[in-house]
Each structure stands twice: as C-alpha cells, then as structure tokens.
Amino acid sequence: MASELANLAFVSAAVAAAMAYARLAASRVGPGLARLAALLPVLLLLPVLPFAFSSIHLRTISAFFLVWLCGFKLLLLAAGYGPLNPALPAVRFVACAALPIKLRDRGTDTSRSRSLPPDFLLPYAAKAAAFAALISIRRFRARLPAYAVVAFDGAHMYLMLELFMASAAAFARALLGAELEPQFDRPYLASSLRDFWGHRWNLMVPGTLRPSVYRPVRARLGAPAGVLATFLVSGLMHEVMFYYITLEGGTGEVTAFFVLHGACVVAERWCARQRGLWRPPRAVATAATLAFVAGTASWLFFAPVIRSGLDKAIVAECEGMMAALEATARKLAAAAARLVWS
C-alpha cells in the first residue's frame, strides 16, 4: 500500500511536469505537424507511466486517464482543437489534460463555489455502499445463474469506473472551482444504443472521439462511416486498456464488441428515420437495450479477463483495499475515542 502511494506521487509529479511542458510547447508552436512533434515526447511518456503500478486498478485507471483521454486531448491540441488551450492557467491546463473532466462553459461567471454541490455525497455514498456489497458477496458469484453473473459483472464495472472518475472530478472541482460536465448520466435508463453510448455511458470518451474521429470521417464519408470509424477506434483503444489489465496481447474480441455495437447504432439511426415503423414503449426499449449490452458484453467484452482468471484477482484486490480502509477507519475511531475520554 505504501509503495503504491509512493508510485502514485511519482506518476502525479511526472504527469504534472509533462503537462506543463505540453502547455509551454503549445504556446510556442502553432497547430500542425510542428506542434505534434513538440508534443511527441509527452505522447511517448504517457503509455509508460501506468506500468509504475502493480495494482491492477491503479494501472488500468491511470492508463485510461493518461493513455486514452489525455493522449487524445493532446492530439486534438496538436491540431488546434479543444478542450485544451495553452492560454488556460497552468493548474487548469494540467487538471483538464490529466483528469477525466471537461469544464462546463458558463460564460465569464467567476462566482462559482469551490465546494461540492449538496447533492453530490448522497448518491455516491449509496453507490460506494452498493459496490462494497457487491465485493462482499462476490464469493457467491459462481453459484449465480448466467444472466445474474452478467448483471453482476456489469454492475461491478459500472460502479467501480464511476466511483474512480467521480473521485477525480471531485478533486478537480475543489481545485479549480469550476463546474464540470457529467461523466455518466444514468446509463441504466438508456432507451437505445445511441442513447447509451452517446449520451449516458462514460461521456468523457465520446467527448474525445467525436472531434477526433467522428466529425472528420463524417465530413468525408458520411455519418454511417463516422459512427463505424468511431466504434472501431473505441474498440482498438479498449484492446489497449485490456493489455494494461491482462498484460497479454489482445484477442480482437473487445474490438468485435464495439464494431458490432457500431453497426447496430447505424441500423438504429436508419430505423429512426423510417416512418411507420413500430416503436416499443420506453420501458421495453430500455430493457432490450440493457439486455443487448449485457449479453454481448458477456460474450465478447468480459471474455479476455475471465479467461485469464484476472476477474478473481481484481476482486481480491478490491477486498484488500476495503480491508485496509476498514482498518484505517477503526484506528481513527479508536484515536478519536481516546481523545474524547482523555
């Protein structure tokens, strides 16, 4: 635990220094190949940093933050597009580059509070409790029917990812005193695949893929090609993320998952434009959407991790972190009690 905290401090310092250099380089060199060349050392450094962690969670989350999100933001910066801008203050530039956040544009209002909104803690406390409950009953996973295992794994991934990203966003909001775009928007209410991937699930990813992949391809080849290209790139980047989890080469299953969903989104777009087609009630559409996502995820998305046995290692790591947190809480409670009674 102590060594991972030291690794976290090292990686954080390296990222801060790299982003400070990226801001300086972008301020001195105009958009284009010259700026890309100036940013290349940072782009080559970012994929190496997650290997500083032995923890699967820290290695994977840092890879997602740095290799995917930060890497794409820097590529957009090289081309002269946002969300990064060398005119941003240094702290804000570093935070926007390294963390899974996007500043909400509210004009020039500077009166926003640095404190968290009053409704922040309750829903995330409930999600943290739900995540802890999932971990505590994970030992019974093997006894669950197949459909329940799919729901269990999906809920585990969703809660873990949202809690990690919400923690980063809370830190950024307190640091910057700025309103942030939401990272998730209740994906369990999605009524279509377009709604799920485009408007509800892990919104920082479509926020980087739209300007970097979808819009350029759409401008040249049309919207269907833009959608397919976006899902293909997403699949390839997920293969990279899975490498940081398994430390093994990709199998193509995760890419196939996203290509399949991209083709289905194209089909949904076509059906939505046809008049006279039957539209299911929203509740039915939501259930069908979630069933399709869960079923195809069980078939293609989770397969590499489960096959390698790392799903058990991931849960064991979660149990270890929870045990460490419980031990720390007991020590703090005992210390507080001694202060009260002394």
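Numbers here simply count residues along the sequence, with the first being 1. From a predicted model like this one, the values you see are computed outputs, not experimental measurements.
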- Query: Do Pro187 and Tyr158 touch side chain to side chain, with heavy atoms closer than 4.5 Å?
  - Reply: yes
- Message: When you measure from the side chain of Asn7 to the backbone of Phe53, do you find a donor-acceptor pair of N or O atoms at a distance under 3.5 Å?
- Response: no
- Task: Before giving the answer on side-chain contact (heavy atoms from CB on, under 4.5 Å), spell out for Leu84 and Cys96 the whole-Å C-alpha distance, their side-chain angles and the decisive distance to 0.1 Å.
- Result: CA-CA 7 Å; Leu84 299 181; Cys96 290; 3.9 Å; yes
- From CG (Leu77) to CZ (Arg35), nearest 0.5 Å: 5.0 Å
- Interatomic distance, CH2@Trp201 vs CD@Gln183, rounded to 0.5 Å, equals 12.0 Å
- Could you go through the side-chain contact (heavy atoms from CB on, under 4.5 Å) check for Arg200 and Phe184 one step at a time? CA-CA 5 Å; Arg200 294 186 180 275; Phe184 285 85; over 6 Å; no
- Heavy atoms, side chains only, cut-off 4.5 Å: are Met19 and Cys70 in contact? yes
- Query: Would a hydrophobic clustering, with Ile, Leu, Val, Met, Phe, Trp and Tyr connected at side-chain separations under 4.5 Å, put Val240 with Val259?
  - Reply: no
- Query: Considering residues, nucleotides and ligands other than Phe51, do more than 12 of their heavy atoms fall under 6.0 Å from its CZ?
  - Reply: yes
- Query: How is the hydrophobic cluster of Tyr81 composed, in terms of its other members, when Ile, Leu, Val, Met, Phe, Trp and Tyr link through side-chain heavy atoms under 4.5 Å apart, directly or indirectly?
  - Reply: Leu76
- Message: Contact between Val11 and Leu58 at the side-chain level, heavy atoms closer than 4.5 Å - yes or no?
- Response: no
- Item | Heavy-atom closest pair, residues Pro280 and Ala285 | CG-CB, 4.1 Å
- Item | Same apolar cluster: Tyr188 and Leu161, side chain cutoff 4.5 Å | yes
- Task: Indicate, with yes or no, if the rings of His238 and Phe242 have centres closer together than 6.0 Å.
- Result: no
- Would you name the heavy atoms of Asp195 and Ser192 that are closest together and state the gap between them? N-OG, 3.0 Å
- Considering only heavy atoms from C-beta outward, does the side chain of Ile56 approach that of Ile245 to under 4.5 Å? yes
- Task: Apply the ring pair (Phe, Tyr, Trp, His ring centres under 6.0 Å) test between His261 and each candidate in Phe292, Phe231, Trp299; give the one that qualifies.
- Result: Phe292
- Message: Just verifying a value: how many Å separate Leu39 CG and Leu74 CG, rounded to the nearest 0.5 Å?
- Response: 6.0 Å
- Calculate, to the nearest 0.5 Å, the distance between atoms OG and CD1 belonging to Ser167 and Ile61 respectively. 10.0 Å
- Message: Minimum heavy-atom separation for Met204 and Lys102, please, with both atom names.
- Response: SD-N, 3.9 Å
- Task: Looking only at non-hydrogen atoms, find the nearest pair between Gly262 and Leu228 and report the distance.
- Result: C-CD2, 3.8 Å
- Does one hydrophobic cluster hold both Leu8 and Val94, with members joined at side-chain heavy-atom distances below 4.5 Å? yes
- Message: Val293 vs Leu193, test: side-chain contact (heavy atoms from CB on, under 4.5 Å). Steps then yes/no.
- Response: CA-CA 8 Å; Val293 171; Leu193 291 177; 3.7 Å; yes
- Message: Would you say that Leu66 contacts Val15 through its side chain, given a criterion of any heavy-atom pair below 4.5 Å between the two side chains?
- Response: yes
- Message: Treating Ser27 as the side-chain partner and Leu24 as the backbone partner, does any N or O pair qualify as donor plus acceptor under 3.5 Å?
- Response: yes
- Query: How about Met237 and Ser234: do any of their side-chain heavy atoms sit closer than 4.5 Å?
  - Reply: no
- Query: How far does CG of Leu49 sit from CZ of Phe10, to the nearest 0.5 angstrom?
  - Reply: 6.5 Å
- Query: Any chain of hydrophobic side-chain contacts (each under 4.5 Å) joining Phe93 to Leu75?
  - Reply: yes
- Query: Around Arg220, counting heavy atoms of other residues, nucleotides and ligands shown, do more than 12 lie under 6.0 Å from its CZ?
  - Reply: no
- Query: Which heavy atom in Pro206 sits nearest to a heavy atom in Asn202, and how many Å separate them?
  - Reply: CD-O, 3.0 Å
- Mind checking whether Leu260 and Val265 sit in one hydrophobic cluster, side chains of I, L, V, M, F, W, Y counted as touching below 4.5 Å? yes
- Decide yes or no for Arg59 and Leu247: does some side-chain heavy atom of the first lie under 4.5 Å from some side-chain heavy atom of the second? yes
- Message: Could you check whether any side-chain N or O of Arg23 sits under 3.5 Å from a backbone N or O of Val91, counting only pairs where one atom can act as donor and the other as acceptor?
- Response: no
- Only one of Leu209, Val233, Val227 forms a side chain to side chain contact (heavy atoms under 4.5 Å, CB included) with Tyr214, so which one is it? Val227
- Query: Between Ala18 and Leu45, what is the shortest heavy-atom contact and its length?
  - Reply: CB-CD2, 4.0 Å
- Query: Could you walk me through whether Glu239 and Tyr243 pass the side chain to side chain donor-acceptor pair (under 3.5 Å) check?
  - Reply: CA-CA 6 Å; Glu239 295 278 1; Tyr243 174 76; over 6 Å; no
- Nearest-0.5 Å distance that lies between atom CZ in Phe196 and atom CD in Glu268: 12.0 Å
- Hey, do the aromatic rings of Tyr244 and Phe64 have their centres closer than 6.0 Å? no
- Query: Do other residues, nucleotides or ligands put more than 12 heavy atoms under 6.0 Å from Leu44 CG?
  - Reply: yes
- Query: Heavy atoms, side chains only, cut-off 4.5 Å: are Trp197 and Phe258 in contact?
  - Reply: yes
- Task: Indicate yes or no for a side-chain donor-acceptor contact from Thr208 to the backbone of Val205 under 3.5 Å, with no hydrogens or angles considered.
- Result: yes
- Message: Working note: Met241 + Val67, criterion side-chain contact (heavy atoms from CB on, under 4.5 Å); need CA distance, chi angles, decisive distance, verdict.
- Response: CA-CA 9 Å; Met241 297 301 102; Val67 181; 4.2 Å; yes
